[in-house]
Each structure stands twice: as C-alpha cells, then as structure tokens.
Amino acid sequence: MLAPLHDWNLVPSEARALQSQLAERLETSDRLAPVSHIAGVDIGFEDGGETTRAAVVVLKWNPATAPDLSVVEQVVYREPTRMPYIPGLLSFREVPAALGAFAMLSVQPELVMVDGQGIAHPRRLGVAAHLGLWLDLPTIGIAKSRLCGKHAEVGEQRGDWVPLYAGAETIGAVVRSRAKVKPVYVSPGHRVTLETSLAWVMRCLGRTKLPEPTRLADRLASRRDERQS
DNA sequence: GCGACAG
DNA sequence: ATCTTGTCGC
C-alpha cells in the first residue's frame with residue numbers, strides 16, 4: 001500500500017472538511033493503464049452490524065467474451081465496524097475494510113468498480129472516489145440509488161441514460177442497465193471521465209441490473225454467499 | 001425551519 | 001446495510 005492519506009478517526013465535522021480537501025486531489029481525466037483485470041468491491045455486515053465484511057472480486061477482462069468475464073481471484077476481509085452509517089460519510093465506514101481486502105490480493109486490477117457513488121456526492125467524494133485516492137487506481141462508482149443531484153426521466157431501453165446534475169455541473173449519469181428495472185447511478189471516482197466510466201459499465205453489463213464486477217462483489221459481500229475461496 | 005439522505 | 005416468506009414472472 002502507498003503512504004496513508006489521512007486518519008480515519010474523525011468526528012463528522014472533521015470528516016466533511018476532509019472530504020472537500022480530498023476532492024480537490026481527484027484526477028478528472030483518464031489515466032488508465034491498459035485494462036487486463038477489473039475489480040468489483042462491496043461491503044456487507046454481519047452480527048447485527050458489529051462486523052464489517054469487505055469483498056473484492058477480480059475479473060479478467062476479455063473483450064471477446066464480455067460481458068462474460070472469468071473470476072481470477074476473490075477475497076473477503078473482516079474487521080470490527082468503525083462507525084454507523086451517516087449519509088454523506090459512507091466512505092469512512094467502508095473504505096478502511098475495502099483497503100484491508102485489497103491488501104489480500106495477489107492480482108492487481110487496473111480498474112475498480114465500487115458499489116456506491118463516485119463524485120455524485122455533496123462534496124464530490126463518494127466512496128468510489130475516496131477509495132480511488134487511497135489505492136491510486138482508476139475507480140468508477142455504481143450506486144443502486146441516488147444520493148444527490150437532479151436528472152430527467154431516463155428512457156426505458158437497456159443502455160438509455162441521462163446526465164445527473166448538481167446545478168450546472170454534470171456529476172454522473174442515470175443508466176437504465178436493464179429494461180423494466182430501476183436505473184443505476186454511475187459516476188467517475190478517480191482517474192476516469194464520465195464517458196469512460198459509462199463505456200466500461202456498458203461493456204461489463206450482462207442481462208442483470210449491475211455490471212459483473214459489482215454484481216459478483218455484491219454477492220460475495222452479502223451473506224447469500226457464505227462461501228469463501 | 002423543513003425535507004433528503006449511497007450503504 | 002440488515003431483518004425475512006411467499007410469490008409473480010421469464
């Protein structure tokens with residue numbers, strides 16, 4: 001791991017101030033190495049919330065078979081839950097565990113998809129953006145619901161999307177990843193543009209609502225998949 | 001002051 | 001997020 005960016009033990013007011021500072025360090029243009037592996041990250045909870053469980057799944061990117069991607073590695077990391085869920089401060093609850101899981105990987109991905117917002121956040125530092133800074137890797141946020149921003153109705157065809165705005169600023173996109181299903185909220189985290197984020201999400205989309213990396217991580221983080229390997 | 005509010 | 005059964009639909 002690289003040098004620690006900051007302390008995690010902060011009270012809400014300090015955490016919010018830090019988010020604004022860190023958001024200024026996000027790279028908003030593309031800086032990706034050739035993609036051969038994509039990771040999906042998600043966090044779940046056990047013991048009534050006392051234990052935080054981070055799951056990372058690494059998939060081999062194969063344009064010839066996409067969106068069918070093979071799982072190269074998957075890890076689960078557990079640690080005591082640090083703080084409660086507070087809207088806007090999700091990353092302080094989840095990123096530490098995610099870092100623990102990444103430290104267990106033997107295969108390093110060039111791109112990371114996270115369950116949650118990228119810059120589509122009140123201070124432009126959602127969990128995907130925050131994790132990207134710590135890992136110094138390109139990250140994309142794929143959330144199942146909206147945290148902030150406004151948008152028009154999105155079309156009903158799979159692949160339709162509309163911009164997500166915060167005033168005049170475009171902070172993400174609302175994507176109909178699957179017909180007849182609630183749309184997902186895609187926003188860039190670190191080192192990727194919205195256009196590139198959308199392209200990768202679309203490429204990893206099967207017939208399900210979530211792109212493969214996030215879908216598999218979601219399953220591994222949840223206790224639906226008590227399996228570990 | 002009154003809502004909204006990722007996971 | 002998690003607690004939880006059956007049920008509607010491809």
Side-chain angles (χ1 to χ4, degrees), chain A residues 8 12-13 15-16 18-20 22-23 26 40-57 76-101 112-134 139-151 154 156 158 164-167 171-175 177-190 194 197 201 206-211 213-226:
Chain A
W8 287 106
S13 59
R16 293 189 185 94
L18 176 59
Q19 290 181 318
S20 298
L22 293 177
L26 290 173
V41 192
D42 190 30
I43 277 67
F45 297 87
E46 305 174 336
D47 313 323
E50 291 177 20
T51 300
T52 298
R53 165 170 164 161
V56 176
V57 176
V76 170
Y77 171 83
R78 292 180 174 81
E79 67 172 30
T81 297
R82 315 203 160 218
M83 58 179 275
Y85 167 67
I86 299 174
L89 298 183
L90 181 68
S91 63
F92 288 86
R93 174 173 161 86
E94 302 192 340
V95 170
L99 293 174
V112 181
M113 292 191 184
V114 185
D115 189 333
Q117 314 289 351
I119 62 170
H121 174 281
R123 291 166 295 282
R124 308 295 177 270
L125 196 83
V127 59
H130 202 162
L131 179 62
L133 285 175
W134 272 85
T139 52
I140 299 171
I142 298 100
K144 297 182 290 298
S145 65
R146 187 191 69 90
L147 171 60
C148 67
K150 297 181 172 240
H151 64 86
V154 60
E156 8 190 84
R158 179 173 176 286
L164 176 63
Y165 298 108
I171 57 176
V174 186
V175 182
S177 52
R178 177 177 183 176
K180 298 177 181 178
V181 174
K182 288 176 62 72
V184 293
Y185 294 74
V186 176
S187 60
H190 187 41
L194 174 58
S197 298
V201 167
R207 320 187 200 77
T208 52
K209 163 174 176 167
L210 297 175
T214 296
R215 186 182 72 79
L216 294 174
D218 217 296
R219 206 184 48 163
L220 188 59
S222 159
R223 51 195 318 179
R224 288 193 294 282
D225 197 310
E226 216 61 53

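Order of the sequence lines sets the chain letters (A, B, ...), proteins ahead of strands, with each chain counted from 1. Every value quoted in this text rests on a predicted model; they were computed, and no experiment measured them.
Applying the side chain to side chain contact (heavy atoms under 4.5 Å, CB included) test to A:P87 and every residue at least two apart in sequence or in another chain returns A:Y85. Contacts of A:T52 classified as side chain to side chain donor-acceptor pair (under 3.5 Å), with partners at least two apart in sequence or in another chain: A:T81. A:K144 meets the salt bridge (charged side-chain N to carboxylate O under 4.0 Å, His left out) test with A:D115, A:D218; sequence neighbours excluded.
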Side-chain donor-acceptor contacts of residues 116-132 of chain A below 3.5 Å, not counting sequence neighbours, with atom names and distances?
unit_1, atom_1, unit_2, atom_2, d
A:Q117, NE2, A:S145, O, 2.9
A:H121, ND1, A:R123, N, 2.9
A:H121, ND1, A:R124, N, 3.4
A:H121, ND1, A:L125, N, 3.3
A:H121, NE2, A:G88, O, 2.8
A:R123, NE, A:Q19, OE1, 2.7
A:R123, NH2, A:Q19, OE1, 2.8
A:R124, NE, A:E169, OE1, 3.2
A:R124, NE, A:E169, OE2, 3.3
A:R124, NH1, A:H121, O, 2.5
A:R124, NH1, A:P122, O, 3.4
A:R124, NH2, A:E169, OE1, 3.2
A:H130, ND1, A:S91, OG, 2.8
A:H130, NE2, A:H6, NE2, 2.9

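Of the residues listed (A:R146, A:H151, A:K182), the one engaging A:V174 in a side chain to side chain contact (heavy atoms under 4.5 Å, CB included) is A:H151, and it is the only one.
The two residues A:A98 and A:I43 have their closest heavy-atom pair at CB-CD1, 4.2 Å. Residue A:T208 comes nearest to A:L210 through the heavy atom pair OG1-O, 3.1 Å, listed as atom of the first residue, atom of the second, then distance. For the pair A:Y77 and A:A97, the tightest heavy-atom approach, listed with the atom from each and the gap, is CD2-O, 3.3 Å.
Judged purely by atom type and a 3.5 angstrom limit, A:R53 uses its side chain to pair as donor or acceptor with the backbone of A:A221.
No side-chain heavy atom of A:R16 sits less than 4.5 Å from a side-chain heavy atom of A:S20.
To the nearest 0.5 Å, atom OG1 of residue A:T139 and atom NE2 of residue A:H190 are 7.0 Å apart.
The salt bridge (charged side-chain N to carboxylate O under 4.0 Å, His left out) contacts involving residues 82-100 of chain A comprise A:E79-A:R82, where partners must be two or more places apart or lie in separate chains.
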Open item on the list: Both atom distances under 3.5 Å, Watson-Crick or G-U wobble: I'd like the secondary structure of DNA chain B as a dot-bracket string, with | for pairs made across strands.
Closed with: .......

Task: Sugar-phosphate or base contact per nucleotide [nucleotides 4-10 of chain C; S, B, -; heavy atom under 4.0 Å] - done: -------

Task: Per-nucleotide protein contact string for nucleotides 1-7 of chain B (B base, S sugar-phosphate only, - none; heavy atom under 4.0 Å) - done: ---SBBB

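With the 3.5 Å cutoff on both pairing distances, Watson-Crick and G-U pairs in DNA chain C never assemble into a run of at least 3.
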